[in-house]
Amino acid sequence: MKKILYVRKAPDSGINGTTKYCDALYNLFAKDPDCQPLPIENYPTRKSRLFHYYYQLKPLYRAFKAADIIHINGYTDMGTVEAFLIARWLKKQIVYTAHWHPFCRLTHPVGGKIFFNVFLRPLVHFFAQSVVCINNEDSAYFSTFTKHIKRIPHWFVPRPMTKYIERKPNMILFVGRLNDPVKGIEYLYDLPEGKYDIHCVGYGELPHKRSDMTHHYNLTDDELATLYRQASLLVIPSMYEAFSYVALEAFSYETPVVMSDRVRIADYLGGVKGYKIFKFGNHRQFVDSVAETIGQPVDREKVMQIFNIDRIFKLYKQLYMEPKR
């Protein structure tokens, strides 16, 4: 049996996409007879002015010794570099998922590009046995310096609903960190006040109070699922999303989606009904897309076939069972 350890930065403001990804993989293999995931831990970190944070090495070293495969998740953080170096020092099999964003979409694009190319790119090139990519853009980028790419999308298993939830015909849902400029919450303020019932889920504060906006936080999974079922539209006006779990969650509950052209789950959605894309930066097009898409039917079965959990499980198991090079 192979023991797998998932390494990611501890979430400092609620659950993010990387956290959901690691938790989902842990649950996917929790009962597998061949691949045993070890408990996911928030390893102790120290803040750094130059590198955001770095890990305390001893706890990381002790945890890595118990694993056969180290599945590292991270991009432009020194903690990711440390994880590579310790895994290599211990001669562990390394699987890497970057959750990559184009450098121009980063908060500090020049610094991010320099950091990745100087510190992380050589480690990925020489030491990663497999690089998991989740969209066309990151696949194209990593293929320039490694041949060991596996393109595997995310998946989502909807929570069983024990009671009927009625749709609210004018309800719009936004799920994401409210104070993160990447998430594009300012687009909601272009919608005519009073025309829609807008519900925002996430940490942070609304930029401005509006009579038609409701803020939710610290929701249970069941409470969030109820909001997805009640909403007639989910909006994702993000500057960039490497995939978008919230889009997949909405589709699974038959809720249509309006997303920017920088949300990369669209790489998988050719021929699917129930979503519309607007050009990021075009606020008028966003407003029009909302009016055109709210309440539209969703090809739920087609979406579930694309992101089929059994198919994706087989891809990951094949990856983990590869002999160590």
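Just so it is clear, the values below take in all heavy atoms, side chains as well, and ignore hydrogens, waters and symmetry mates.
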Linked, directly or transitively: Tyr275 and Val235 (ILVMFWY side chains, under 4.5 Å): no
Interatomic spacing from CZ in Phe286 to NE2 in His283 - rounded to 0.5 Å: 9.0 Å
In the structure I gave you, are the side-chain heavy atoms of Tyr96 and Thr80 within less than 4.5 Å of one another anywhere? yes
Does any non-hydrogen side-chain atom of Met239 lie less than 4.5 Å from one of Pro181? no
May I ask you to test the Arg8-Asn42 pair for a side-chain heavy-atom distance under 4.5 Å? yes
Does a side-chain heavy-atom distance below 4.5 Å link Ile312 with Pro153? yes
With rounding to the nearest 0.5 Å, note down the distance linking CZ in Arg300 to CD in Gln305. 11.0 Å
Considering all heavy atoms, the nearest Cys35-Met321 contact: SG-SD, 3.7 Å
For Ile69 versus Val95, what's the shortest heavy-atom pair and its separation? CG2-CG2, 3.9 Å
In terms of heavy-atom contacts, does NZ of Lys324 have more than 12 from other residues, nucleotides or ligands at under 6.0 Å? yes
Side chains of Asp68 and Gln93: does their closest heavy-atom pair fall under 4.5 Å? no
Whether the Tyr203 and Asn218 side chains hold a donor-acceptor pair (N or O, under 3.5 Å, no angle test) is what I'd like checked. yes
Does any N or O in the side chain of Gln36 come within less than 3.5 Å of the main-chain N or O of Lys3, such that one atom is a donor and the other an acceptor? no
Co-membership, hydrophobic cluster, residues Leu233 and Leu248, 4.5 Å side-chain: no
By salt bridge (Lys or Arg N to Asp or Glu O under 4.0 Å), which residues pair with Glu249, not counting sequence neighbours? Lys20
Kindly indicate whether the side chain of Ile134, heavy atoms from C-beta on, has any atom under 4.5 Å from the side chain of Ile152. no
Are the ring centres of Tyr26 and Tyr21 closer than 6.0 Å? no
Taking everything shown except Tyr217 itself, do over 12 heavy atoms lie less than 6.0 Å from its OH? no
Are a donor atom and an acceptor atom from the side chains of Arg151 and Asn135 found within less than 3.5 Å of each other? no
Between the side chains of Ser238 and Glu241, does any donor sit under 3.5 Å from an acceptor? yes
Keeping Glu223 on the side-chain end and Thr220 on the backbone end, is there a donor-acceptor pair under 3.5 Å? yes
Taken to the nearest 0.5 Å, the spacing of Arg121 CZ from Phe126 CZ works out to 10.5 Å
Under 3.5 Å, is there a donor on one side chain and an acceptor on the other for Arg167 and Thr255? yes
Can you list the steps and then say if Val175 with Leu173 is a side-chain contact (heavy atoms from CB on, under 4.5 Å)? CA-CA 7 Å; Val175 180; Leu173 185 63; 3.9 Å; yes
Enter the distance from His125:NE2 to Leu123:CG here, rounded to the nearest 0.5 Å. 11.0 Å
Do Phe243 and Val272 sit in one hydrophobic cluster, given that two such residues count as connected whenever their side-chain heavy atoms are within less than 4.5 Å of each other, even indirectly? yes
Do Arg262 and Glu137 sit within salt-bridge range, that is, some charged N less than 4.0 Å from a carboxylate O? no
Spacing of OG belonging to Ser232 relative to CD1 belonging to Ile294, to within rounding of 0.5 Å: 5.5 Å
Taking every heavy atom of Ile70 against every heavy atom of Ala67, the minimum-distance pair comes out as CD1-CB, 3.7 Å
Taking atom CE of Met259 and atom CZ of Arg264, what is their separation to the nearest 0.5 Å? 10.0 Å
Transitively linked via ILVMFWY side-chain contacts under 4.5 Å: Val110 with Tyr240? no
Which atom of Ile277 lies closest to which atom of Ala266, heavy atoms considered: CD1-CB, 3.8 Å
Does the separation of the ring centres of Phe29 and Tyr320 fall below 6.0 angstrom? yes
When the ring centroid of Phe84 is compared with that of Phe127, is the distance short of 6.0 Å? no
Which atom of Gln296 lies closest to which atom of Pro256, heavy atoms considered: O-CG, 3.4 Å
Does Thr146 use its side chain to pair, donor to acceptor, with the backbone of Ser143 at less than 3.5 Å? no
CA sep, side-chain torsions, deciding dist, call: Tyr187, Phe280, ring-ring contact (aromatic ring centres under 6.0 Å, His included): CA-CA 10 Å; Tyr187 280 82; Phe280 184 82; 5.7 Å; yes
Begin from the C-alpha positions of Tyr54 and Val81 and carry the test side-chain contact (heavy atoms from CB on, under 4.5 Å) through to its verdict. CA-CA 9 Å; Tyr54 59 92; Val81 174; over 6 Å; no
Without placing hydrogens or testing angles, list every side-chain donor-acceptor pair under 3.5 Å for residues 192-202, not counting sequence neighbours.
unit_1: Glu193; atom_1: OE2; unit_2: Ser211; atom_2: N; d: 3.2
unit_1: Glu193; atom_1: OE2; unit_2: Ser211; atom_2: OG; d: 3.0
unit_1: Asp197; atom_1: OD1; unit_2: His199; atom_2: NE2; d: 3.1
unit_1: Asp197; atom_1: OD2; unit_2: His199; atom_2: NE2; d: 3.1
unit_1: His199; atom_1: ND1; unit_2: His216; atom_2: NE2; d: 2.8

Short side-chain to backbone donor-acceptor contact, Asn179 and Arg177, under 3.5 Å: no
Sequence-distant partners of Asp32, salt bridge (Lys or Arg N to Asp or Glu O under 4.0 Å), two or more places apart: Lys317
May I ask you to test the Met1-Asp34 pair for a side-chain heavy-atom distance under 4.5 Å? no
Are any non-hydrogen side-chain atoms of Val290 and Phe278 less than 4.5 angstrom apart? no
Neighbour count >12 (heavy atoms, 6.0 Å) for atom NZ, Lys113: no
Output yes when Asp310 and Lys314 qualify as a salt bridge under the 4.0 Å nitrogen-oxygen rule, no when they do not. no
Taking the six-membered ring for Trp, are His154 and Tyr245 ring centroids under 6.0 Å apart? yes
With distance as the sole test, does Lys92 use its side chain to make a donor-acceptor pair with the main-chain N or O of Lys65 at under 3.5 Å? yes
Cluster overlap Val263 with Leu188, hydrophobic side-chain contacts below 4.5 Å: no
Could you tell me whether a side-chain N or O of Arg88 sits under 3.5 Å from a main-chain N or O of Ile94, the two making a donor and an acceptor? no
If only atom types and distance count, is the side chain of Lys302 paired as donor or acceptor with the main-chain N or O of Gly271 below 3.5 Å? yes
Could you check, using the six-membered ring where one of them is a Trp, whether His99 and Tyr75 have ring centers closer than 6.0 angstrom? no
Smallest separation among heavy atoms of Pro323 and Gln129, with atom names: O-NE2, 2.9 Å
Are the side chain of Thr144 and the backbone N or O of Tyr141 linked by a donor-acceptor pair below 3.5 Å? yes
Using 30° and 60° as the class boundaries, would you call the ring planes of Phe142 and Phe145 parallel, tilted or perpendicular? tilted
Thr76 and side chain to side chain contact (heavy atoms under 4.5 Å, CB included): which single residue from Phe119, Phe115, Trp100 fits? Phe115
Assess whether side-chain contact (heavy atoms from CB on, under 4.5 Å) is satisfied between Val246 and Val257, documenting all intermediate values. CA-CA 10 Å; Val246 296; Val257 177; over 6 Å; no
